[in-house]
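Please read the structure below before turning to the comments.
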2 protein chains.
Amino acid sequence: MAEALDEIDVRLLAELQADADRTNVELARLVGLSPAATLNRVRRLKASGVIRRVVARVDPAAAGFPLQVYVAVTLAGAAPRTSRAFEDEVRALPQVIAADWVAGETDAILTIVARDVADLKRVLSRLSLQGGQRLITYLRLEEIKPPSPLPVADPATATD
Amino acid sequence: MAEALDEIDVRLLAELQADADRTNVELARLVGLSPAATLNRVRRLKASGVIRRVVARVDPAAAGFPLQVYVAVTLAGAAPRTSRAFEDEVRALPQVIAADWVAGETDAILTIVARDVADLKRVLSRLSLQGGQRLITYLRLEEIKPPSPLPVADPATATD
DNA sequence: GATGAAATAGCATTTGC
DNA sequence: GCAAATGCTATTTCATC
């Protein structure tokens, strides 16, 4: 599907994951290409889906969501109808800001934000009603490491 | 610490979380302000820390990390020295792309990417050596809901 | 105290090489 | 991929509400 990423693509990805709030000219200097070539590469990375999107990361507490939790969910059965209903609920709840099916001790891991305890309670309740048989809630206390770039350029993880 | 966010700030945050890859002029049209006023507000949001940063979100698999896992960690004891050593290891491991202390069934939740099983094994091993007494690993199978904006403008979560 | 309009400098983007 | 050229945009300034 996708072309292999060369050295310069990897540098671009590293830079843009760290800080996408820079001009194309600056990016070009960082990777040692002309602005035109840089622009073409970045466009290709976006079009190919390697760069999924460029977004502002907002501080949840500062934006009015002091409660952030991870929730590990065990579904009530494996019937497609059950998981489908659960998926729909997850996508419909705006407080659920990320969710994945997983393999392990539970079926899904959700990331949820809430304005207060009542707000959180409402969300958990709705998840229960849509097949969430067991919800293990982890309240986020403190950040150890902020969301960080994929180590695309890290020698310790290099494959070649 | 921070000023209250008014209606327009909220709109800006919603737009920039959804897609920060737009010109200031376009953003200005979306919120109904002049480019100059829009620029001032966005700058303020960044300077105040409400917008933590603007980043490119990269597809992990496309970037060479087909394995993504959540790991719930129980520490070996609550001694400050233990948690400090663990924090240092987490920050030093590039494959750990996010980590938080939590309250609940475990002490911390980590998000980890790996190029292959050997790579993952190495990371888990190092976490064990730095106080990770019990590691519950959840292998990410499929995305239910992609990382999504905080529902800053959602009426269902409104406080006023 | 923040906004809008005008002006300048710089950038994004295109084209030809 | 580069260099030059064009049209927009970011950013500042300043008057204004």
Side-chain angles (χ1 to χ4, degrees), chain A residues 1-59 61-64 149-150 152-153 155 158-160, chain B residues 1-59 62-64 149-150 152-153 158-160:
Chain A
M1 54 167 206
E3 302 299 304
L5 301 173
D6 67 13
E7 172 74 20
I8 294 183
D9 287 328
V10 163
R11 300 240 297 276
L12 285 172
L13 288 179
E15 294 295 342
L16 289 173
Q17 286 185 96
D19 181 5
D21 204 4
R22 286 181 288 199
T23 65
N24 183 59
V25 169
E26 193 171 349
L27 207 55
R29 270 196 297 99
L30 285 169
V31 302
L33 284 188
S34 70
T38 304
L39 196 65
N40 278 332
R41 278 173 178 266
V42 172
R43 259 206 288 245
R44 206 180 316 138
L45 289 169
K46 286 173 182 167
S48 69
V50 177
I51 293 178
R52 290 179 60 166
R53 54 201 328 172
V54 176
V55 299
R57 286 218 334 260
V58 171
D59 181 81
L150 300 171
V152 286
T159 48
D160 49 310
Chain B
M1 54 168 208
E3 301 299 304
L5 302 173
D6 67 13
E7 173 73 20
I8 294 182
D9 288 327
V10 163
R11 299 241 297 277
L12 285 172
L13 287 180
E15 295 295 341
L16 289 173
Q17 286 184 96
D19 181 6
D21 202 4
R22 286 180 288 198
T23 65
N24 183 59
V25 169
E26 194 171 348
L27 207 55
R29 271 195 297 99
L30 286 169
V31 302
L33 284 188
S34 71
T38 305
L39 197 64
N40 278 333
R41 279 173 176 266
V42 173
R43 258 204 291 244
R44 205 180 317 141
L45 289 169
K46 286 172 182 167
S48 70
V50 177
I51 293 178
R52 291 179 60 166
R53 54 201 330 172
V54 176
V55 299
R57 288 218 334 261
V58 170
D59 182 84
L150 300 171
V152 285
T159 48
D160 51 309

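What's counted below: heavy atoms across the whole structure, side chains too, no hydrogens, waters or symmetry copies. Numbered from 1 within each chain, the chains take letters A, B, ... in sequence-line order.
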Walk me through whether A:Leu27 and A:Glu15 qualify under side chain to side chain contact (heavy atoms under 4.5 Å, CB included). CA-CA 8 Å; A:Leu27 207 55; A:Glu15 294 295 342; 3.9 Å; yes
Span of DNA chain C in contact with chain A (heavy atoms, under 4.0 Å): C:dC11 to C:dT14
Applying the side-chain contact (heavy atoms from CB on, under 4.5 Å) test to B:Arg41, which of B:Leu5, B:Val31, B:Leu13, B:Asp6 qualifies? B:Asp6
Checking B:Gln17 against B:Leu150 for the side chain to side chain contact (heavy atoms under 4.5 Å, CB included) test, could you report, in this order, the C-alpha distance in whole Å, the side-chain angles of both residues, the deciding distance, and whether it holds? CA-CA 8 Å; B:Gln17 286 184 96; B:Leu150 300 171; 3.5 Å; yes
Closest heavy-atom contact between B:Val54 and B:Lys46? CG2-CE, 4.1 Å
From A:Asn24 CG over to A:Asn40 CG, what is the distance, rounded to the nearest 0.5 angstrom? 9.5 Å
B:Asp21 CG to A:Arg53 CZ distance, which is reported to the nearest 0.5 Å: 10.0 Å
Could you write out each protein N or O paired with an N or O of nucleotides 9-13 of chain D at a distance under 3.5 Å?
residue	atom	partner	partner atom	Å
D:dA10	OP1	B:Asn24	N	2.5
D:dA10	OP2	B:Asn24	N	3.4
D:dA10	OP2	B:Val25	N	3.1
D:dT12	OP2	B:Arg43	NH1	3.1
D:dT12	OP2	B:Arg43	NH2	3.1

From B:Leu12 atom CG to B:Leu45 atom CG, the distance as rounded to the nearest 0.5 Å: 6.5 Å
